[in-house]
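A quick write-up on the structure given underneath.
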Amino acid sequence: MDHAHQPVLQTSRHVNKVMAIRIGDASLVAYVRHAVREALRAWDLSELADTVVLVASELVGNALRHGKTTEIPVRLTIDGSNVVLEVADDSDVEPSVEATGAEDEDGRGLLLVAALADAWGSEPRDGGGKSVWARFAADVGGAA
């Protein structure tokens with residue numbers, strides 16, 4: 001991995017994980033999965049890891065596929081009694097859950113996100129683009 005573009009790790013309680021992925025380097029999606037899992041483990045929230053990692057993969061994959069950007073910021077935070085995952089890109093197109101047929105090979109990612117997250121949505125970003133977020137209820141009493 002090019003160390004100049006290595007994701008940045010912060011460990012404060014309010015911004016616990018910040019990463020940036022260079023578009024076109026899909027191998028970094030594996031790093032995001034690992035980093036999300038490790039952050040949740042460090043916060044004593046391992047019970048959420050499989051779910052949040054799957055949602056992170058879907059949102060990052062969507063940003064790589066549909067975003068028009070050179071970097072994809074990924075942020076994982078504790079907000080009150082929730083873990084919040086945010087993935088941003090430069091596309092202004094809002095994500096939507098679309099009906100898929102039995103033969104369709106893709107198009108089910110946001111259905112998974114909707115099923116696994118307690119809430120999800122998107123918000124426009126200043127200067128263009130959007131941030132897609134997913135919220136997961138958590139027992140954050142043990143989080144550092």
Side-chain angles (χ1 to χ4, degrees), residues 1-98 100 104-144:
M1 179 184 307
D2 178 355
H3 293 289
H5 299 288
Q6 191 169 20
V8 176
L9 173 64
Q10 297 179 350
T11 57
S12 76
R13 182 172 176 115
H14 298 288
V15 178
N16 297 307
K17 191 66 104 179
V18 178
M19 296 167 271
I21 301 171
R22 293 178 56 199
I23 195 162
D25 194 347
S27 66
L28 289 180
V29 175
Y31 180 84
V32 170
R33 288 191 298 262
H34 173 76
V36 166
R37 187 174 300 282
E38 287 302 306
L40 292 169
R41 183 193 57 74
W43 301 338
D44 294 324
L45 296 170
S46 293
E47 69 277 3
L48 292 176
D50 289 342
T51 300
V52 178
V53 164
L54 178 56
V55 170
S57 292
E58 291 298 331
L59 295 183
V60 169
N62 283 349
L64 284 167
R65 197 170 303 111
H66 304 294
K68 49 182 183 177
T69 185
T70 56
E71 285 192 344
I72 299 171
V74 177
R75 183 170 147 136
L76 187 66
T77 60
I78 293 174
D79 180 15
S81 61
N82 296 293
V83 169
V84 180
L85 171 70
E86 298 172 79
V87 177
D89 64 48
D90 289 340
S91 172
D92 292 324
V93 177
E94 293 296 317
S96 62
V97 176
E98 310 237 345
T100 57
D104 292 339
E105 293 185 17
D106 58 9
R108 293 178 180 84
L110 289 177
L111 287 171
L112 284 171
V113 172
L116 296 172
D118 292 304
W120 77 278
S122 68
E123 298 175 0
R125 291 175 37 194
D126 292 339
K130 67 181 171 301
S131 178
V132 181
W133 56 268
R135 186 173 62 232
F136 306 88
D139 177 8
V140 296

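Computation of the quantities below employed the complete heavy-atom set of this structure, encompassing side-chain atoms and omitting hydrogens, waters and symmetry-equivalent molecules. FYI, the numbering just counts along the sequence from 1. The structure displayed is predicted, hence computed values, not measured ones.
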Might you point out which heavy atoms bring [X] and [Y] nearest each other, and give the distance in Å?
{"X": "Ala134", "Y": "Val55", "answer": "CB-CG1, 3.8 Å"}
{"X": "Leu48", "Y": "Ala138", "answer": "CD1-CB, 3.6 Å"}
{"X": "Ser122", "Y": "Pro95", "answer": "OG-CD, 3.5 Å"}
{"X": "Val36", "Y": "Ala56", "answer": "CG2-CB, 4.3 Å"}

Is there a side chain to side chain contact (heavy atoms under 4.5 Å, CB included) between Asn62 and Val132? Walk through the geometry before answering.
CA-CA 10 Å; Asn62 283 349; Val132 181; over 6 Å; no

Which distance, rounded to the nearest 0.5 Å, do you find between the [atom1] of [X] and the [atom2] of [Y]?
{"X": "Leu76", "Y": "Trp43", "atom1": "CG", "atom2": "CH2", "result": "4.0 Å"}
{"X": "Phe136", "Y": "Asn82", "atom1": "CZ", "atom2": "CG", "result": "10.0 Å"}
{"X": "Thr77", "Y": "Glu86", "atom1": "OG1", "atom2": "CD", "result": "5.5 Å"}
{"X": "Leu59", "Y": "Ser131", "atom1": "CG", "atom2": "OG", "result": "9.5 Å"}
{"X": "Glu58", "Y": "Arg65", "atom1": "CD", "atom2": "CZ", "result": "7.5 Å"}
{"X": "Asp139", "Y": "Leu45", "atom1": "CG", "atom2": "CG", "result": "7.5 Å"}

Go through the structure and list residues passing salt bridge (charged side-chain N to carboxylate O under 4.0 Å, His left out) with Asp118, not counting sequence neighbours.
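For Asp118, no residue satisfies salt bridge (charged side-chain N to carboxylate O under 4.0 Å, His left out) once neighbours in sequence are set aside.
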
Hey, does the side chain of Ser91 reach the backbone of Val93 with a donor-acceptor pair shorter than 3.5 angstrom?
yes

Among Asp50, Val53, Val52, which residue meets the side-chain contact (heavy atoms from CB on, under 4.5 Å) test with Leu40?
Val52

Any side-chain heavy atom of Arg125 sitting closer than 4.5 Å to one from Asp90?
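In short, these two side chains touch, coming nearer than 4.5 Å.
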
Is the closest side-chain heavy-atom distance between Val74 and Leu85 below 4.5 Å?
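In short, these two side chains touch, coming nearer than 4.5 Å.
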
Tell me every residue that passes side-chain contact (heavy atoms from CB on, under 4.5 Å) with Ala114, counting only those two or more places apart in sequence or in another chain.
Trp120

